[in-house]
Amino acid sequence: SHSEIITCSMPTGTGSRAETSIFPTREDMQKELLKYIQRIIDDQVRFPGFISIGLSGGSMPKILGPVFSKLKIDPDRLRLFLVDERIVEISEPDSNYGQWMQSLPKAFHACLAAADLIDMPYRADRSGFAYDVGRTALAYESKIKNHHIGPEVYGRFPRFDMLFLGMGPDGHTASIFPNSKLYRLKMDSTAWFVGVDDSPKAPPQRITLTMSAINASANVAFICTGDDKATVLRAVLDRDMQYPAAAVHPINGTLRFFLDTLAAAKL
Ligand SMILES: O=C1O[C@H](COP(=O)(O)O)[C@@H](O)[C@H](O)[C@H]1O
């Protein structure tokens with residue numbers, strides 16, 4: 001039926017399971033997202049330090065942004081980070097940061113301040129491939145580390161309390177694209193963020209959290225909507241590794257899928 005919320009625990013192909021929920025309306029999805037975030041916050045708020053949340057762009061800010069207005073948390077306890085960013089002016093619709101600043105309630109704008117650390121001179125220089133995206137990524141990573149605003153660190157990687165990922169119709173997640181050097185050659189080594197200058201989806205220049213850092217997170221949730229995702233989503237849940245989204249598998253954390261009925265049509 002298209003009118004009920006379906007939640008089940010799906011095998012992910014490696015023996016582990018991911019909780020998958022299918023929502024008939026955006027409002028239903030937002031209610032469940034609120035419960036999910038609030039539950040983790042209530043768990044974490046007892047401990048000192050910040051609660052760190054990584055946010056993706058694309059369609060996500062409009063879905064997840066309004067949820068923050070109903071959260072019960074002192075915004076001073078939250079730190080919001082961008083999972084990936086496109087190298088464009090903040091005022092352009094492609095800017096993930098710009099989109100979040102439009103969708104987040106004002107009380108949470110300062111929590112996203114970490115995104116301001118993305119080096120503006122590179123972002124502002126529009127002369128084609130003159131940017132050094134690698135340097136931009138490294139500068140962002142270093143600033144997060146040096147300002148001590150980052151997530152807790154376990155070993156070499158950040159451990160976000162929550163990480164929200166999207167998935168493109170081509171199976172990319174964050175800005176890790178299928179067939180890219182980054183994905184094929186596992187070029188992320190121990191980096192938290194890396195530069196991408198061959199994104200097949202415009203804009204071509206981006207920075208992205210690496211797969212290793214993604215998989216070090218405590219709670220990872222995908223938010224996928226729209227019928228153009230249905231075929232690939234089926235393959236991702238079957239762990240077809242040609243798709244970067246299929247490589248998301250937190251080493252010591254939870255994995256959750258929030259889907260609308262269109263994205264879930266082939267499950
Ligand atoms: O380019 C990007 O695409 C993905 C998926 O976006 P969506 O609009 O299909 O939901 C997004 O998660 C990522 O942050 C973004 O930079």
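Every number for a ligand or one of its atoms is a count from 1 in the order of the listing. Quick caveat, the model's predicted, so the values are computed rather than measured.
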Problem - Those residues that, when tested against Asp260, pass salt bridge (charged side-chain N to carboxylate O under 4.0 Å, His left out) (two or more places apart) - result: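 For Asp260 there are no salt bridge (charged side-chain N to carboxylate O under 4.0 Å, His left out) partners, ignoring immediate neighbours.
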
Practice task
Would you mind checking if Glu141 and Lys145 are paired as a salt bridge, meaning a charged N to carboxylate O distance below 4.0 Å?
Solution key: yes

Between [X] and [Y], is any side-chain donor less than 3.5 angstrom from a side-chain acceptor?
X      : Y      : value
Lys266 : Thr231 : yes
Arg256 : Ser21  : yes
Thr190 : Arg156 : no

Fill in the blank from the handout: By chain and number, the residues contacting ligand 1 below 4.0 angstrom (heavy atoms only) are Ser56, Gly57, Gly58, Ser59, Asp84, Arg86, Asn96, Gly166, Met167, Gly168, His172, Ala174, Lys201, Arg206, Lys229

Practice task
Fit a plane to each ring of Phe164 and Tyr36, take the angle between them on a 0 to 90° scale, and name the class: parallel (under 30°), tilted (30 to 60°) or perpendicular (over 60°).
Solution key: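 If you compare the ring of Phe164 with that of Tyr36, the planes turn out perpendicular.
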
